[in-house]
Each structure stands twice: as structure tokens, then as C-alpha cells.
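Numbered from 1 within each chain, the chains take letters A, B, ... in sequence-line order.
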Protein chains: 2
Amino acid sequence: MPYAYDYPRAALTVDCVVFGLDEDDLKVVLIQRDLEPFAGAWALPGGFVHVDESLEDAARRELQEEAGLSKVFLEQLYTFGDVRRDPRERIVTVAYYALVNIRDHRVQAATDARNAAWFPVTDTPTLAFDHDNILHAALERLKGKVRYRPIGFELLPTKFTLSQLQRLYETILERPLDKRNFRRKALAMGFLEETDEIEQDVAHRAARLYRFNEKKYRRFVKQGFLFEL
Amino acid sequence: MPYAYDYPRAALTVDCVVFGLDEDDLKVVLIQRDLEPFAGAWALPGGFVHVDESLEDAARRELQEEAGLSKVFLEQLYTFGDVRRDPRERIVTVAYYALVNIRDHRVQAATDARNAAWFPVTDTPTLAFDHDNILHAALERLKGKVRYRPIGFELLPTKFTLSQLQRLYETILERPLDKRNFRRKALAMGFLEETDEIEQDVAHRAARLYRFNEKKYRRFVKQGFLFEL
DNA sequence: CCAAAAGTGTTCTCCATACACCCATGC
DNA sequence: GCATGGGTGTATGGAGAACACTTTTGG
């Protein structure tokens with residue numbers, strides 16, 4: 001079959017901004033590069049898109065290969081295509097962001113033995129390529145999205161306290177929230193489910209654990225809704 | 001220089017969803033294809049990304065070449081990368097959407113003599129490739145974005161009446177708005193500027209013309225804001 | 001008994017909404 | 001004078017924001 005486009009082509013990659021919550025810190029997965037360009041520098045996990053896999057498949061494969069992560073929340077962020085963003089040749093990258101809860105997903109430097117680690121988003125080294133831009137865009141997206149879609153739950157363990165949830169929102173939005181107002185509104189949404197368990201091994205009164213009920217959430221969305229905290 | 005990626009590569013295109021307002025109809029530019037695949041079918045304007053131009057540059061060049069449009073509001077929408085979205089070979093497309101006011105921007109079937117025309121968004125033919133998906137995504141984006149960024153002004157002539165503005169919002173949001181509440185809120189935003197002109201040649205009382213003041217808008221944004229109509 | 005965080009209601013203010021009539025103009 | 005849209009104010013309800021003390025538990 002003839003090519004539809006017989007001229008030099010850009011190469012295509014995917015890069016992933018993987019967010020996780022560690023105690024009350026928002027963290028991101030970075031990979032230390034072992035090859036030029038930017039050998040030794042930290043970068044977002046990512047790699048070339050195979051010609052026979054979709055963009056999202058490529059992103060999931062790279063997450064698996066480079067960080068040992070699977071079955072995570074993943075959403076397309078933006079496509080970065082400046083001509084000189086890679087010093088080698090023209091490379092366009094489709095950026096994704098992922099949300100994982102660190103408990104369930106231990107990050108491992110995987111198959112290709114490069115170093116993978118969690119960094120606090122507020123304290124990352126200068127990244128390779130334009131990855132600082134990508135990370136910044138992902139943070140902005142997270143901040144915007146969290147206000148009208150309950151994606152925050154992806155970052156928490158299955159069962160969590162309302163204080164954990166509140167601290168998560170405060171971390172992402174970078175501002176304090178009022179405890180009573182927060183709890184009232186969070187519960188009023190109607191898709192938080194009280195469990196009969198409480199947290200363990202804390203040196204103070206133990207808080208009740210809640211869980212996110214996705215069915216209730218979907219019903220809620222269908223009826224037309226607005227999600228604000 | 002060696003290639004960073006010596007394997008078969010996807011081709012890369014841009015496609016543009018160009019919105020315009022014609023009277024009170026929201027319309028979109030479509031191009032009739034003269035080549036296979038989908039010869040004769042309507043499609044979004046777009047084409048291959050050159051290896052030495054950025055994605056946005058490619059989108060602007062295609063708009064110029066295929067529809068004679070320049071200097072329009074243009075924003076990246078989403079990147080569509082399903083393996084089989086083009087029957088010829090693997091082609092990934094970065095979709096953009098553009099807003100133009102039809103008065104200032106006459107659409108012409110340009111250099112390559114293909115047929116270009118405006119279609120009401122509510123009444124488009126079945127499009128080539130996955131362009132129906134792309135159009136649908138663009139409409140959703142427009143609906144969402146118009147609520148917190150005043151992009152609607154891009155669709156109107158420089159001077160417009162408040163009723164025109166209201167009808168625009170009603171069209172995009174697909175619901176009626178209250179006239180008094182709309183006017184109060186629109187003016188309260190503080191970046192609409194009353195001119196001393198009124199509309200001409202209407203068979204009823206002539207409405208005052210307003211203009212969008214971008215400086216005031218920017219000041220408004222800086223102070224932290226929420227834009228809702 | 002002290003430290004630490006959990007849990008709980010009320011008030012006020014502001015904004016979204018609902019609603020109806022007179023005005024200016026062209027024909 | 002009539003048809004057509006332009007232009008205007010008020011009352012009500014609901015939601016967001018501000019605010020402080022008591023309870024429980026472990027050490």
C-alpha cells in the first residue's frame with residue numbers, strides 16, 4: 001500500500017505524569033535517564049508509540065514497563081509539538097496524566113533498569129526536554145478537574161477518613177478548606193458511603209472510614225449535577 | 001544524525017473544527033474530499049504536519065490553505081490516535097478548534113480547489129474518518145469552556161448587541177437564558193464597553209452596540225475570578 | 001491529665017432565579 | 001396603530017462562608 005504521506009515524519013511519543021498521594025504530600029513519578037540526551041537527568045516516564053497500538057495503549061505500556069504500574073486512572077492531557085522540543089529530531093509527544101494510590105501501587109524501576117522514584121510535586125529537579133512544562137500543565141489540569149469531577153478518590157486508598165479527603169483537596173487546590181463546610185458538602189454529594197470501620201493505630205480519637213460508591217456517583221452524574229468543594 | 005526511533009512511524013495530521021455564527025446559527029466549516037478514501041464525503045479541514053512546523057502552525061496553515069482563514073482564535077482540543085481511524089495507514093491527528101466571526105472571515109474553497117462550506121452544527125452530513133467524533137468533542141468543549149472563559153466574543157463581530165450575545169450563549173449552551181439576569185451579569189463582569197452607536201436597519205427599536213474590552217478582561221482575570229452566565 | 005484530631009449547627013451574606021411591563025422604531 | 005424586539009427592578013430561596021467548642025482516644 002502506498003503511504004498517504006511520503007515525506008519526513010515526526011516521531012511520536014507518549015509521556016505520563018503519574019500523581020500519587022504519600023501521607024499528605026502530592027508526588028509524581030520520575031525516571032532517571034541513562035542515555036543521551038539528558039543522560040542522568042530526571043524525566044517523565046514515556047516512550048515511543050508503536051505503529052500498531054493506540055495512544056492510550058502506548059501510555060499504559062510505558063507505565064507498566066518503566067514504573068511497574070497497571071490499571072490506573074489515565075487521561076489525555078495535551079499534545080506538545082514544538083519543533084525543537086527534542087534536540088535529536090522532531091518528536092511530538094502526547095502527554096497523559098495518571099492518578100494512583102501509592103499503597104496499592106508500589107513503583108519499581110522496571111524492565112529497563114532505570115531509576116524510578118516519587119518526588120513531591122513542589123520539589124522536583126529540573127526535568128529533561130520540556131517536561132517541566134508538561135508537569136506544570138498536569139498540575140493545572142488536576143487543580144481544575146478536581147473541582148467538578150471526583151477524581152480525587154483515585155489517589156486515596158479504598159477506605160479513607162474525611163480528614164484524609166479534605167487534606168487531599170487542600171493539597172491539590174493549595175488552599176485551606178473549612179472542616180465543617182467540607183464535611184457537610186462532601187456527604188451531601190451522596191456518593192460517600194460510611195463503613196463500620198474506623199482507622200487503626202492512631203494516637204488520638206480514631207476517625208470513621210468512608211468509601212467511594214461509584215454506582216451512586218454515576219446515578220448522581222446522570223441527573224445533571226455540579227460537583228464543588 | 002541517527003534517528004531516535006528507527007521503526008515504522010505513524011503519520012501525523014492536524015484537523016480543525018472551525019465554528020462561526022451566522023445570524024443565530026452556530027455553524028462549522030466542512031471540506032468536500034476529492035480523493036480516496038471517502039472521496040466526495042465531507043470532512044474537517046486538516047492535513048499532514050510538516051516535519052519543520054509546530055502543531056499550531058500546521059493547523060493555521062491548513063486553515064489558510066483550505067478555507068482562506070487567518071488570524072483566528074485557535075486552541076488545541078484533543079489528539080485522536082486509534083489504530084484504525086484511517087483506513088490507509090496509521091495516522092494520528094491532533095484536533096484544534098477555531099472560533100471566527102463569519103462577517104470578517106469569508107470562507108473560500110482555497111488553493112486546492114476543494115469545496116468548502118458552512119454547515120449548521122445541528123445538521124451536518126456524516127463525516128469522513130472519525131470526524132463526527134471530533135466535531136462532537138469540540139462542541140462539548142465549547143459548551144464547557146464558554147462558561148468560564150469569554151471565548152464567545154470571538155464569534156461575534158467587534159460591535160454587538162446584548163441580545164446577540166445572549167442568543168449566542170443560548171445557542172452554545174442549548175438552553176434559554178433570562179434576559180434581565182443575563183444583561184445584569186454580563187455587564188457586571190466589567191469588560192463590556194458601551195459604544196455610542198446603535199444597530200442599523202432593523203424593523204424595531206435599535207439596540208445599543210457594545211464591544212469587548214480585552215484589557216479590562218485581563219485585569220479581571222488577574223484578580224482571580226469566575227465567569228458564569 | 002494532656003495532646004491530638006474527630007465530630008458537630010447556626011448565622012449571615014450574597015448570588016441565582018423567577019417574573020411583567022413600558023419604550024422606541026419601522027412599516 | 002401594531003408588530004417587534006429593546007430595555008428595566010424587585011422579591012425569594014438556597015448555597016457558600018465564617019465561626020468554637022465538646023468528644024474520644026492514646027500515651
Side-chain angles (χ1 to χ4, degrees), chain A residues 21 23-25 146-148 150 156-157 159-171 173-211 220 223-229, chain B residues 21 23-25 146-148 150 156-157 159-171 173-211 220 223-229:
Chain A
L21 198 68
E23 306 300 324
D24 292 339
D25 270 0
V146 87
R147 297 187 56 190
Y148 62 96
L156 292 172
K159 292 171 186 172
F160 49 86
T161 70
L162 292 181
S163 292
Q164 278 181 293
L165 184 62
Q166 178 175 350
R167 282 194 298 268
L168 168 60
Y169 273 83
E170 290 177 331
T171 300
L173 299 175
E174 296 179 286
R175 64 184 168 93
L177 299 169
D178 180 86
K179 182 161 60 158
R180 280 172 290 189
N181 293 336
F182 180 86
R183 295 164 96 90
R184 179 159 8 108
K185 278 156 82 177
L187 293 173
M189 301 290 172
F191 43 76
L192 284 185
E193 221 170 58
E194 194 175 303
T195 71
D196 50 6
E197 294 168 67
I198 56 173
E199 60 180 343
Q200 301 295 323
D201 303 315
V202 285
H204 53 80
R205 176 173 175 180
R208 175 161 307 272
L209 292 172
Y210 289 78
R211 99 160 51 93
F220 181 60
Q223 288 157 16
F225 79 120
L226 204 63
F227 183 82
E228 283 275 356
L229 276 167
Chain B
L21 198 68
E23 306 301 325
D24 292 340
D25 270 0
V146 87
R147 298 187 55 187
Y148 63 96
L156 292 171
K159 293 171 185 170
F160 50 86
T161 69
L162 293 182
S163 292
Q164 279 181 291
L165 184 62
Q166 180 176 346
R167 283 193 298 269
L168 168 59
Y169 274 83
E170 291 177 330
T171 301
L173 299 176
E174 296 179 288
R175 66 184 167 94
L177 299 169
D178 179 85
K179 183 162 61 159
R180 280 172 290 191
N181 294 336
F182 180 87
R183 295 163 96 89
R184 181 162 5 118
K185 278 156 83 177
L187 293 172
M189 301 289 173
F191 43 78
L192 284 185
E193 219 170 58
E194 193 174 305
T195 73
D196 51 6
E197 295 168 67
I198 55 173
E199 60 180 341
Q200 302 294 323
D201 303 317
V202 286
H204 52 81
R205 175 173 176 181
R208 177 162 304 277
L209 292 173
Y210 289 78
R211 106 162 42 96
F220 182 59
Q223 288 157 16
F225 77 118
L226 207 62
F227 183 83
E228 282 275 356
L229 278 168

Does A:H204 form a side chain to side chain contact (heavy atoms under 4.5 Å, CB included) with A:V202? I'd like the steps, not just the answer. CA-CA 6 Å; A:H204 53 80; A:V202 285; 3.7 Å; yes
N/O donor-acceptor pair under 3.5 Å between A:T195 side chain and A:L209 backbone: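 Yes, A:T195 side chain to A:L209 backbone: donor-acceptor pair under 3.5 Å.
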Under 3.5 Å: donor-acceptor pair, side chain of A:E199, backbone of A:A206: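 Judged by distance alone, no pair lies under 3.5 Å.
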Nearest heavy-atom pair of B:T171 and B:D24: which atoms, and what distance?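 Minimum heavy-atom contact is OG1-O, 3.3 Å.
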Atom pair distance, as rounded to whole Å: [atom1] in [X] and [atom2] in [N]:
| X | N | atom1 | atom2 | answer |
| --- | --- | --- | --- | --- |
| B:D178 | C:dC21 | CG | C1' | 14 Å |
| B:R183 | C:dA18 | CZ | P | 18 Å |
| B:F160 | D:dG6 | CZ | P | 14 Å |
| B:Q164 | D:dG5 | CD | P | 13 Å |
| A:F182 | C:dA6 | CZ | P | 12 Å |
| A:K179 | D:dA17 | NZ | P | 18 Å |
| A:L162 | C:dA6 | CG | P | 9 Å |
| A:L173 | D:dA17 | CG | P | 12 Å |

Examine the base of C:dA20 for any acceptor or donor lying under 3.5 Å from a partner atom in the side chain of B:R180, and report the outcome as yes or no.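 Per atom types, the contact qualifies.
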Side chain of A:N181, base of D:dA18: donor and acceptor closer than 3.5 Å?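 When only heavy-atom distances are counted, A:N181 does reach the base of D:dA18 through a donor-acceptor pair under 3.5 Å.
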Among residues at least two apart in sequence or on other chains, which ones pass side chain to side chain contact (heavy atoms under 4.5 Å, CB included) with A:R208?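 A:R208 satisfies side chain to side chain contact (heavy atoms under 4.5 Å, CB included) with A:E194, A:Y210 once adjacent residues are dropped.
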Does any residue of residues 198-205 of chain A have a heavy atom under 4.0 Å from DNA chain D, and if so, which ones, in number order? A:V202, A:A203, A:H204, A:R205
When you measure from the side-chain N and O atoms of B:S163 to the phosphate of D:dG6, is any distance below 4.0 Å, counting only OP1 and OP2? yes
Examine C:dT17: is either OP1 or OP2 under 4.0 Å from a nitrogen or oxygen in the side chain of B:K185? Give yes or no.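 Checking C:dT17 against B:K185, a side-chain N or O does come within under 4.0 Å of OP1 or OP2.
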Go through A:E197 and A:K159 one step at a time and tell me if the salt bridge (Lys or Arg N to Asp or Glu O under 4.0 Å) criterion holds. CA-CA 9 Å; A:E197 294 168 67; A:K159 292 171 186 172; 2.4 Å; yes
Of the nucleotides C:dA18, C:dT8, D:dG6, which one has an atom closest to the side chain of B:R184?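 Per side-chain heavy atoms of B:R184, the pick is C:dA18.
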May I ask you to say what B:R208 touches in the nucleic acid, namely base, sugar-phosphate or nothing, with a heavy-atom cut-off under 4.0 Å? sugar-phosphate
Would you indicate whether the side-chain heavy atoms of A:L21 and A:F160 approach each other to under 4.5 Å?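 A side-chain contact under 4.5 Å is absent here.
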